[in-house]
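Below, read A as the first sequence line, B as the second, and so on, with proteins coming before strands; counting in each chain starts at 1. Note that the structure is a prediction, hence the values are computed from the model and not measured.
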Amino acid sequence: MDYKKQIAALIKIEGVTAQDIEELITKPKEVSNGDYCLPCFRFSKALRKSPMAIADELLQNIQIGGIIERVESVAGYLNFKLNREQYNCQILEKVLADGENYGRSDIGRGKTICIDYSSINIAKPFHMGHLSTTVIGAALYRLYNFLGYKSIGINHLGDWGTQFGKLIVAYKLWGNKEDIEKRGVAALLEIYVKFHKEAESDSSLDEQARYWFKQIEDGNVEATALFKWFKEITLTEVDKIYKRLKIQFDSYNGESFYNDKMQPVIDELEEKGLLQTSEGARVVNLDDYKMPPCLIVKADGATLYATRDLAAAFYRKKTYNFYKSLYVVAYQQNLHFKQLFKVIELMDYDWYKDLEHVAFGMVSMEDGSPIKTREGKVILLEDVLNKTVERAYEILTLKSDSLENKSEVAEMVGTGAVIFSALYNSRIKDIVFSYDRVLSFEGETGPYTQYTYARCGSVLRKEEITEVCDYSALNNVEANDVIDALAKFPSILLDAADRYEPSYIARAVMDIAQAYNKFYFAHRIIDAPEAARNVSLKLTKAVKQVIAEGLGLLGIEVPEKM
RNA sequence: GUACUCGUAGCUCAGUUGGAUAGAGCAUUAGACUCCGACUCUAAAGGCCGCUGGUUCGACUCCAGUCGAGUACACCA
């Protein structure tokens, strides 16, 4: 809830619209300066008066009343103080009345947003490098649905390319069917790594790989069967992780899906005169835009990454008629997407501006070196999840041994810790993976917010809320901070959606949890007189509800006890 | 070399259209469980916001330059 409009209506300045005034009104950092303020410096020149004089003058002519309790002129600022009792009451009642729909919106009604995320490679392990795209994409998916949009989750599978030829060769040479069925991707990775090692000294292997990939392309029965088998094995395995992380997709159309959809795109590029030949390849020249050319067809006639992504973009536009189409892909691909979007612009489709590369930083190993699948240098996400869940279980045993559903709670806390840590910082930050960090459950972590949720539950179990309320009991710094954090939540969701930043949600949840814990220590709830107790209980209930809601959007569950 | 991204406390990071005294967490030190859940809370200490210049009444925020780090740059995806 926002009172900027009401305040702006109280102020009249010659030559300045109410809209402009409203935009200038902000919340002071220092609470003692009030709840809202209007800096008057900007009017100084036009009015030929000092900001102090302007603020003084405005103060004289202002009619206060209702929720605005006091106005002051301080050092060029006009400071407004709200009637906290009224304000707190309005916010809390609103949060509780809206329940799990607090902050829900319909601004996205009738609009579809395609989100390309996770997009795993077939026959390769699901490692820490995939965590960001997976959880960021899934959080945006939920967020947009919550704001009234229709999200389409797309797992653009990496299921095409010469690596499948390599894998077939490796399988034929060293593979063991039973072993692969039992150990899945781990076994596939082993022979894949072995292939690269052997290929260093035996160049004929690469030739064979090319041969077998061609067989897949030409529909050879044996090759196709193996290819499908690799895909199935990978998907069943990765599905377990998606289940643990509460992640779903509406489409698994990956690279192979677009094989027969590229020629029309190439034809259209030709028709529009955008293609030229360079070193034998067909490219779109992007010199005018200070970019290297975008390769569409290789010298040998084969298509490329960009060709496929073009076909995918057109397919998505045609199929979903999206309002926006997001690519949650690491920033390494920056140039690729800039080229891709530019080519679509040059093809004269104005929806190129609805395409967005939602870039994020990269994850490196504990020693700072990059992850290298081909060398088997990976941190498996499953291992990380298992370790954090195990650690959560140990802590529960230590602190809450009598808990009846201990394993279930450990799963929530462990996976919650991993997801939260991946979503707490801005997307663009690089991450050096550290077990110490993900295994830490104190301070700014997922478990901290879950703990706060459980603590709220515990308080609420002690007493029923009745209707006798005295909001003056909440008129203190700590409670006000909690209410402010709750009040901001809906607009933070909108900002998070605007900027594709799930971290805003994580931060908002953290703010609420921290503010509540401070409140909890400063004020007694249960032993307070009924009317005071009730408002504190309402506050507690609201906090509990919004934490659950925020974490829910991030894909994190909350335990009633932990 | 060119383009993009990042540079804030010892470490990891917030700082949302430029606004009053730059904030958290971890780590360190000192404290708080006969009291609603101590995975918590209180306090101390910790800063030429990489550097220089410019715009502005006002710059961590915008612009230019510079240094440092990362990423990408032709037939992989």
TODO: Look at all strands and tell whether Pro292(A) reaches a base, only sugar-phosphate, or nothing, counting heavy atoms closer than 4.0 Å.
DONE: sugar-phosphate
Open item on the list: Suppose you measure atom P in rU17(B) against the same atom in rU55(B); what distance do you get, rounded to whole Å?
Closed with: 23 Å
- [ ] Could you tell me whether the side chains of Asp20(A) and Thr17(A) share a donor-acceptor contact shorter than 3.5 Å?
- [x] yes
Task: Donor-acceptor pair present, Asn79(A) side chain and rA20(B) base, under 3.5 Å - done: yes
TODO: Choose from rA77(B), rG15(B), rG25(B) the nucleotide whose nearest atom is closest to any side-chain atom of Glu255(A).
DONE: rA77(B)
TODO: May I ask you to check whether Tyr117(A) and His130(A) place their ring centres under 6.0 Å from each other?
DONE: no
Task: Atom-pair distance (CE on Met291(A); P on rG1(B)), nearest Å - done: 22 Å
TODO: Determine which nucleotide pairs with rA24(B), using a 3.5 Å limit on both distances of a Watson-Crick or G-U wobble pair.
DONE: rU12(B)
Open item on the list: Reading RNA chain B from 5' onward, which residue's closest nucleotide shows up sooner: Arg42(A) or Tyr305(A)?
Closed with: Arg42(A)
Task: Rounded C1' spacing from rG18(B) to rC60(B) in Å - done: 10 Å
Task: Intermediate values then yes/no, side chain to side chain donor-acceptor pair (under 3.5 Å), Ser400(A) and Lys561(A) - done: CA-CA 9 Å; Ser400(A) 193; Lys561(A) 296 180 184 176; over 6 Å; no
Task: Minimum-distance nucleotide to Asn33(A) side chain [options: rU40(B), rA20(B), rC35(B)] - done: rA20(B)
TODO: Look at the aromatic rings of Phe519(A) and Tyr516(A) and report parallel, tilted or perpendicular, splitting at 30° and 60°.
DONE: tilted
Task: For atom CE of Met510(A) and atom P of rA24(B), their distance in whole Å - done: 14 Å
Open item on the list: Taking any heavy-atom pair under 4.0 Å as a contact, classify Arg524(A): base, sugar-phosphate, or nothing.
Closed with: base
- [ ] Can you tell me, in whole Å, how much space there is between the C1' of rA32(B) and that of rC13(B)?
- [x] 28 Å
- [ ] Check every atom of rC39(B), rC36(B), rG37(B) against the side chain of Ala454(A) and return the nucleotide holding the closest atom.
- [x] rG37(B)
Task: Span that lies between the C1' atom of rG46(B) and that of rA9(B), in whole angstrom - done: 6 Å
- [ ] Can you tell me, in whole Å, how much space there is between the C1' of rC49(B) and that of rG68(B)?
- [x] 16 Å
Task: Centroid under 5.5 Å and tilt under 30°, Tyr451(A) to rG37(B) - done: no
- [ ] Return the nearest nucleotide to the side chain of Asn425(A); candidates are rU12(B), rC39(B), rC4(B).
- [x] rU12(B)
- [ ] For the side chain of Lys338(A), starting at C-beta, report the closest nucleotide among rU12(B), rC4(B), rA20(B).
- [x] rC4(B)
Task: Atom pair distance, as rounded to whole Å: OH in Tyr331(A) and P in rU5(B) - done: 12 Å
- [ ] Please determine, for the side chain of Val459(A), which listed nucleotide (rC36(B), rA20(B), rG25(B)) has the closest atom?
- [x] rC36(B)
TODO: Would you tell me whether Ser503(A) and Glu501(A) have side-chain atoms, one donor and one acceptor, within less than 3.5 Å of each other?
DONE: yes
- [ ] Just call it for His357(A): base, sugar-phosphate, or nothing, with non-hydrogen atoms closer than 4.0 Å on any strand.
- [x] nothing
- [ ] Pick base, sugar-phosphate or nothing for Tyr504(A), based on heavy-atom distances below 4.0 Å to the nucleic acid.
- [x] base
Open item on the list: From CD of Glu444(A) over to P of rG15(B), roughly how many Å is that when rounded to an integer?
Closed with: 12 Å
Task: Residue pair Glu478(A), Tyr520(A): steps toward the side chain to side chain donor-acceptor pair (under 3.5 Å) verdict - done: CA-CA 9 Å; Glu478(A) 293 82 9; Tyr520(A) 177 87; over 6 Å; no
Open item on the list: Given rC41(B), rU12(B), rU71(B), identify the nucleotide with an atom nearest to the side chain of Arg437(A).
Closed with: rU12(B)
Task: Under 5.5 Å and under 30°: Tyr77(A) stacked on rA20(B) - done: yes
- [ ] Have a look at Ile428(A) and say if it touches a base, only the backbone sugar-phosphate, or nothing, with a 4.0 Å heavy-atom cut-off.
- [x] sugar-phosphate
- [ ] Flag yes if more than 12 heavy atoms outside Arg461(A) fall under 6.0 Å of its CZ atom; otherwise flag no.
- [x] yes
Task: N/O (side chain, Arg455(A)) to phosphate O (OP1/OP2, rA38(B)) under 4.0 Å - done: yes
TODO: Figure out the CZ/C1' separation between Phe441(A) and rU12(B), and round it to whole Å.
DONE: 17 Å
TODO: Using the side-chain contact (heavy atoms from CB on, under 4.5 Å) rule, pick out the option among Val378(A), Leu131(A), Ile120(A) that qualifies with Phe126(A).
DONE: Ile120(A)
- [ ] For Tyr448(A), report the nucleic acid contact type (base, sugar-phosphate, nothing); a contact means any heavy atom under 4.0 Å.
- [x] sugar-phosphate
TODO: Among rC36(B), rG70(B), rC39(B), find the nucleotide with the atom closest to the side chain of Glu442(A).
DONE: rC39(B)
Open item on the list: Could you tell me how far rG53(B) sits from rC76(B) if I compare only their C1' atoms? Round to whole Å.
Closed with: 45 Å
TODO: Give one of base, sugar-phosphate or nothing for Leu396(A), where a contact means two heavy atoms less than 4.0 Å apart.
DONE: base
Task: Listed nucleotide nearest any side-chain atom of Lys462(A), set rC6(B), rG37(B), rA20(B) - done: rG37(B)
Open item on the list: Measuring to OP1 and OP2 of rA3(B), would you say a side-chain N or O of Lys290(A) lies under 4.0 angstrom away?
Closed with: no
Open item on the list: Please classify the nucleic acid contact of Phe41(A) as base, sugar-phosphate, or nothing, using heavy-atom distances under 4.0 Å.
Closed with: base
Open item on the list: Does the structure show a Watson-Crick or G-U wobble partner for rC41(B), both distances under 3.5 Å? Name it, or say none.
Closed with: rG31(B)
Open item on the list: Which residues in residues 511-521 of chain A have a heavy atom closer than 4.0 Å to any atom of RNA chain B?
Closed with: Gln514(A), Asn517(A), Lys518(A), Tyr520(A), Phe521(A)
Open item on the list: When both hydrogen-bonding distances must be under 3.5 Å and the geometry is Watson-Crick or G-U wobble, what is rC6(B) paired with, if anything?
Closed with: rG68(B)
Open item on the list: Using a 4.0 Å heavy-atom cut-off, does Leu335(A) contact any base of the nucleic acid, only the sugar-phosphate backbone, or nothing at all?
Closed with: sugar-phosphate
- [ ] Would you please indicate if the ring centroids of Phe227(A) and Trp160(A) are separated by under 6.0 Å?
- [x] yes
Open item on the list: So, does Lys45(A) get its side chain near the phosphate of rC57(B), meaning an N or O under 4.0 Å from OP1 or OP2?
Closed with: yes
Open item on the list: Rounding to an integer number of angstrom, what distance separates rG23(B) and rG47(B) when you compare their C1' atoms?
Closed with: 12 Å
Open item on the list: Distance check, P atoms only: rC6(B) and rG50(B), in whole angstrom units.
Closed with: 13 Å
Task: Where Ile216(A) and Phe164(A) come nearest, the two heavy atoms and their spacing - done: CD1-CB, 3.7 Å
Open item on the list: If you compare every side-chain N and O of Lys429(A) against the phosphate oxygens of rU5(B) (OP1, OP2), does one of them come in below 4.0 Å?
Closed with: no
Open item on the list: Return the OH to OG1 distance between Tyr435(A) and Thr388(A), rounded to the nearest 0.5 Å.
Closed with: 8.5 Å
Task: Touch class at under 4.0 angstrom, heavy-atom based, for Ala299(A) against every strand present - done: base
Task: Ring centre gap for Phe257(A) and Tyr315(A) strictly below 6.0 Å - done: yes
Task: Closest-nucleotide 5' rank along RNA chain B - winner of Ile395(A) and Arg427(A) - done: Arg427(A)
TODO: Would you classify Ser458(A) as touching base, sugar-phosphate or nothing, given that sugar-phosphate means primed atoms plus P, OP1 and OP2, and contacts are heavy atoms under 4.0 Å?
DONE: base
